[in-house]
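Residue numbers begin at 1 in each chain, while the letters A, B, ... track the order of the sequences.
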Number of protein chains: 2
Amino acid sequence: MPDDVGHEIADALGALLRRGARARLYARLTGNLGEAVDETTYPVLSGLARTGPCSAADLAGEIGLDRSGVTRRATRLEEAGLLCREPDPDDRRAILLALTETGQQAVQITRQRLVTIIEASLASWPPEEAQSFAHQLHRFVTTGPFAKS
Amino acid sequence: MPDDVGHEIADALGALLRRGARARLYARLTGNLGEAVDETTYPVLSGLARTGPCSAADLAGEIGLDRSGVTRRATRLEEAGLLCREPDPDDRRAILLALTETGQQAVQITRQRLVTIIEASLASWPPEEAQSFAHQLHRFVTTGPFAKS
DNA sequence: CAGATTGCGTGCGTCGCGCACGCTATTCTT
DNA sequence: AAGAATAGCGTGCGCGACGCACGCAATCTG
């Protein structure tokens, strides 16, 4: 493989992981969804949407955060009505974090916004090129330098 | 364009922007490069490598940070010998931040590490597929939802 | 039934960040 | 040419996020 392929991807990834890029994207995704959902609380919503109802400790492992941080963010989201705590029926000392209807809608909205943004920026691409790019990006992310270990 | 293309890319980007993914990648890139270079100070090194010697205020705009933060990180890097402050010959009240030889080497090392990681994860790809993926990713990042405005 | 264990919330120290102030060097104005 | 205004820089301060560790309640164990 020619070396410039690696360099080109490295440039792109570098730009992608910049602070400003993340901040701009999160701002566009979480705007007008209430004060509680922002760059810090959204990973809790998103992670909970992926895992389904689960404990704060498990969710902490999922999103790479300390359990205390998850608890605090969950409290903020609970006060905003996006998330609810319900007792675990199998273990009465445990508490399950679960999305409310509003919370699920919020996740759905942000997700749709991201899809819309992506499709808009791919509008001028040949369809089969966009499709192959999607597959390759998916493969690269799941098997590449970002796999969990 | 089919809607699942947008969804597939959205999934990949979501995974890419996770906290854990960033942390793991930065750890692999900046490991064994001294105590001063880590996830917070590296953007200063990298940005300075892109812009060349410039003031803290300009670099702040480049990496999306407040000027005071750049000053503090620059001080840490200066104490570690990776960066030096030199008076601006054109404006004697200004101070230019510039990489030392060691600093340039550090940037070069991290960059080469990233390229190596990328090429390793693309080793099993057909070369022309890797090449087209690199071009498409570059195009997507520079023209997509991450462009500066 | 008593002790060990698990899960949870919270206080505390630390760190990064943005704002705003003071200081110095430079540039403008009359 | 001298005082005023401006630009650039470093730093003190408050705020918020994070990880660690402690205390409390519920559960498991012998």
Which pairs count as side-chain hydrogen bond (donor to acceptor under 3.5 Å, both in side chains) when at least one residue sits in residues 81-91 of chain A, sequence neighbours excluded?
-> A/Thr75-A/Arg85, A/Glu78-A/Arg85, A/Asp91-A/Arg93
CD of B/Glu86 versus C1' of D/dG8: gap in Å, rounded?
-> 16 Å
Of B/Arg76 and A/Asp58, the one whose closest DNA chain C nucleotide lies more 5' | A/Asp58
How about A/Arg113 and A/Ile118: do any of their side-chain heavy atoms sit closer than 4.5 Å?
-> no
B/S/- along nucleotides 19-30 of chain D (protein heavy atoms under 4.0 Å) is BBB----BS---
What is the distance from CZ of A/Arg85 to C1' of C/dG7, rounded to the nearest Å?
-> 13 Å
Side chain to side chain contact (heavy atoms under 4.5 Å, CB included) filter on A/Leu137, not counting sequence neighbours, yields A/Phe133, A/Val141, B/Ile9, B/Ala12, B/Phe133, B/Leu137
Name all pairs fulfilling the salt bridge (charged side-chain N to carboxylate O under 4.0 Å, His left out) condition that reach into residues 30-56 of chain B, sequence neighbours left out, sorted by first residue then second.
-> B/Asp38-B/Arg76, B/Arg50-B/Glu62
Rounded off to whole Å, could you give me the CG-to-C1' distance for the A/Leu59 and C/dG9 pair?
-> 16 Å
Residue pairs meeting side-chain hydrogen bond (donor to acceptor under 3.5 Å, both in side chains), one or both in residues 8-19 of chain B, sequence neighbours left out, come to A/Arg111-B/Asp11, A/His135-B/Glu8
Looking for any heavy atom pair under 4.0 Å, which part of the strands does B/Thr75 touch: base, sugar-phosphate only, or nothing?
-> nothing
What integer distance in Å separates A/Leu97:CG from C/dG7:P?
-> 14 Å
Listed by chain and number, what are the side-chain hydrogen bond (donor to acceptor under 3.5 Å, both in side chains) partners of B/Tyr42, not counting sequence neighbours?
-> B/Thr110
Taking only residues two or more places apart in sequence, or in another chain, which ones meet B/Ser68 in a side chain to side chain contact (heavy atoms under 4.5 Å, CB included)?
-> B/Asp66, B/Arg72
Under a 4.0 Å heavy-atom cut-off, which of residues 31-51 of chain A touch DNA chain C?
-> none
Distance, nearest 0.5 Å, that separates CG of B/Leu82 from CD of B/Glu101 = 11.5 Å
Starting at atom OH of B/Tyr26, determine the distance to atom C1' of C/dG16, rounded to an integer number of angstrom.
-> 15 Å
Who pairs with A/Ser55 by side-chain hydrogen bond (donor to acceptor under 3.5 Å, both in side chains), at least two apart in sequence or on another chain?
-> A/Asp58
Figure out the CG/P separation between A/Leu96 and C/dG7, and round it to whole Å.
-> 12 Å
What integer distance in Å separates B/Ile95:CD1 from D/dA7:P?
-> 18 Å
B/Thr71 side-chain N/O to D/dG10 phosphate OP1/OP2 under 4.0 Å | yes
